There are 2 protein chains.
Amino acid sequence: MKLITWNVNGIRAVERKGELQKLVEAEQPDFLLLQEIKGTREQFSKFLTEHADYEQYYHSAEKKGYAGSGLWVRKSVSAKFKGAEFHTDVPHMPNADEGRVAWLSFRLGRQTWDLMSIYFPNGGKSEQAWREKLEFYDCIHAHMNLLRDAGHRVVVGGDMNVAHNEIDIARPKENDGKIGFHPDERAWMDRVVGDGWRDVWRALHPDAVEVYSYWDMVTRARDRNVGWRIDYFLTCEKTFKRIVDADYLDAQMGSDHCPLRMNLDV
Amino acid sequence: MKLITWNVNGIRAVERKGELQKLVEAEQPDFLLLQEIKGTREQFSKFLTEHADYEQYYHSAEKKGYAGSGLWVRKSVSAKFKGAEFHTDVPHMPNADEGRVAWLSFRLGRQTWDLMSIYFPNGGKSEQAWREKLEFYDCIHAHMNLLRDAGHRVVVGGDMNVAHNEIDIARPKENDGKIGFHPDERAWMDRVVGDGWRDVWRALHPDAVEVYSYWDMVTRARDRNVGWRIDYFLTCEKTFKRIVDADYLDAQMGSDHCPLRMNLDV
DNA sequence: CATACGATG
DNA sequence: CATCCTATG
């Protein structure tokens, strides 16, 4: 089972550039988790809404052109699901109108799976936005635990807008305390990992350096690989045991983020 | 003496495309009258503000990125001026904060010249805008008369946002009564011409058809030459006697308008 | 369709 | 630097 998560920075933009098509054709993922779709289904082309091979779910922000998330499932895969449900609501979530969660729940055999595509807030807009980012972290963490405690297999993929450790960021000193590398955010990652959740790619590559998923466009940081690893797959232990591999697709262009892929032996 | 008037639809855009440079190098006009510059001097490049061969005057709107006019004078020409003054104010003008007039007054020999670059209002935004467009017409007409009555040689060039007669528009029937071909606007042109002002190009080419200066971008009307002749040079009789020729430069790209050129034997 | 703007990242 | 938005023509 192949899963990819990608912050597309405008799904219409990556489609216009042909980059989304390239990814889908080359990888043919079973699940594609999307963040920052920046639009609504009504604004999207048939490729994004009536794909022959995928069921395409979106959760758009109320505010036009802002944030939003999505989740595609290969039809040949979803055909095997029982009782599949698409959700967008997580209890006690701030920013509930910003379309940050696209969540598919389904049964496969006797197991219930929860697959969540999440675009965590940036939090740099205002003091209020920063407080809501921290709330958002706790809200998601609590919900992940709840699903796991119910015996589900849980996968959370997306742009978490935080680099966990110094190894996950090109300029740790310069960014210490800044949005995206603030102690309070890093402490959340610590708590989540300490709580038994696995940062899949890092767990498989504990010592790998200079691997990032986001680069600042203003400074053309991608040219020099001055990046941040802020896009993750997090899974419960039981799911992690099934992981085959995970890789950042850093050759994929079209966005200021690159996709993260993982394969699962289900 | 070569004069060109051009509604550039954003002077930074025509510069970025290299089209303004092409026009200036190919034509080397003595005067270049500009409309819809859409910006301020502070936003402009050295090419637009510190040209080796031109003095470059601008009148920008208060509202950012909106309207505005300009006037370039070849330095070798302005060197012969006495008492040159750049003006932006015309008495009783509505829309006085929209930068619609860039006006150079100077003496050459014993004669005083007034050369005005004017971007007339479109008037289609609201009822209020329509009323102000008609006011603007009268304000300009009165001012032209005033200068002429003072014994000046007067040239007004710009986007007048009205097609005078059926011959001046590709689809007269469909646009009858619409903004830009409304009886009240056409009547203004009638009054101005009846008052001794010359529509220079039309006076030289009374029967020429299918010659236009503006084409709708939405419908890609330029491909089919479905256009409007709304950019003019108007001169007083005494100036008209000195006109050598006039032509619309319809091969000039970069804007939704093409430039109008005229040569004057001074 | 195209040039501007402003918000957001 | 790049995605959206809206206003304007």
Side-chain angles (χ1 to χ4, degrees), chain A residues 7-17 19-20 35-40 43-44 60-68 95 98-100 119-126 129-130 133 159 161-162 178-180 214-223 226 228 230-231 253-257, chain B residues 7-17 19-20 35-40 43-44 60-68 95 98-100 119-126 129-130 133 159 161-162 178-180 214-223 226 228 230-231 253-257:
Chain A
N7 177 322
V8 289
N9 190 27
I11 198 169
R12 285 169 292 174
V14 287
E15 184 197 9
R16 184 174 60 243
K17 290 177 277 198
E19 293 289 342
L20 180 59
Q35 300 89 40
E36 280 207 274
I37 61 171
K38 292 187 171 181
T40 61
Q43 297 174 305
F44 295 165
S60 300
E62 291 294 325
K63 181 171 170 172
K64 295 184 83 172
Y66 183 67
N95 323 84
E98 296 180 339
R100 295 181 177 276
Y119 175 43
F120 286 67
N122 171 290
K125 184 168 47 182
S126 63
W130 167 249
K133 181 177 192 175
D159 173 1
N161 259 318
V162 58
K178 304 259 178 71
I179 296 281
Y214 162 80
W215 302 266
D216 184 33
M217 269 191 296
V218 180
T219 56
R220 289 191 303 279
R222 196 164 184 172
D223 299 346
V226 175
W228 306 53
I230 61 179
D231 298 85
M253 304 307 285
S255 168
D256 48 354
H257 294 248
Chain B
N7 176 322
V8 288
N9 189 27
I11 198 169
R12 285 170 291 174
V14 287
E15 184 197 11
R16 186 173 55 243
K17 289 177 278 198
E19 293 289 342
L20 180 59
Q35 301 88 38
E36 279 209 271
I37 59 171
K38 292 187 171 181
T40 62
Q43 299 173 305
F44 296 165
S60 300
E62 291 293 326
K63 180 171 170 172
K64 294 186 83 172
Y66 182 68
N95 323 83
E98 295 180 341
R100 295 182 176 278
Y119 175 43
F120 285 66
N122 171 291
K125 185 167 46 181
S126 62
W130 167 249
K133 181 177 192 174
D159 173 2
N161 259 319
V162 59
K178 302 259 178 74
I179 296 282
Y214 163 79
W215 302 265
D216 184 33
M217 269 191 295
V218 180
T219 55
R220 289 191 303 281
R222 197 164 184 173
D223 298 346
V226 175
W228 305 54
I230 62 179
D231 297 87
M253 304 307 285
S255 168
D256 49 354
H257 294 246

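By convention in this document, chain letters (A, B, ...) are assigned in the order of the sequence lines, proteins followed by strands, and residues within each chain are numbered from 1. Small disclaimer: the values here were computed from a predicted structure and weren't measured.
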>> Can you measure Leu20(B) atom CG to dT3(C) atom P for me and round it to whole angstrom units?
In response: 14 Å
> For Trp215(A), which residues count as a ring-ring contact (aromatic ring centres under 6.0 Å, His included) partner, sequence neighbours excluded?
Replying inline: none
> Strictly by modelled atom types, are Asp159(B) and Gln35(B) linked by a side-chain donor-acceptor pair under 3.5 Å?
Replying inline: no
> How would you list, by chain and number, every residue that makes a ring-ring contact (aromatic ring centres under 6.0 Å, His included) with Tyr66(B), sequence neighbours excluded?
Replying inline: none
> Can you tell me how far P of dG9(D) sits from CG of Asp231(B), to the nearest Å?
Replying inline: 15 Å
> Base, backbone or nothing for each nucleotide of nucleotides 1-6 of chain D, written B, S, -, heavy atoms under 4.0 angstrom, 5' to 3'?
Replying inline: BSBSSS
>> Classify the ring geometry of His257(A) against Tyr214(A): parallel below 30°, tilted from 30° to 60°, perpendicular beyond 60°.
In response: tilted
> Does Lys63(B) place a side-chain N or O at less than 4.0 Å from the phosphate oxygens OP1/OP2 of dA4(C)?
Replying inline: no
>> Tell me if a side-chain donor or acceptor on Ser60(A) pairs with a main-chain N or O of Gly68(A) at a distance below 3.5 Å.
In response: no
>> How many whole angstroms separate atom CD of Glu36(B) from atom C1' of dA4(C)?
In response: 10 Å
>> Rounded to whole Å, how long is the line connecting atom CD of Gln35(B) with atom C1' of dT8(D)?
In response: 17 Å
> Rounded to whole angstrom units, what separation is found between the CZ atom of Arg100(B) and the P atom of dT8(D)?
Replying inline: 11 Å
> In whole Å, what is the span from the CG atom of Asp256(A) to the P atom of dT8(C)?
Replying inline: 17 Å
>> Please report the distance, rounded to the nearest Å, between CD1 in Ile179(A) and P in dT8(C).
In response: 14 Å
>> Looking only at side-chain N and O atoms, does Asn161(B) offer a donor or acceptor that is under 3.5 Å from a partner on Lys133(B)?
In response: no
> How long is the line joining OH of Tyr214(B) and P of dA2(C), in whole Å?
Replying inline: 12 Å
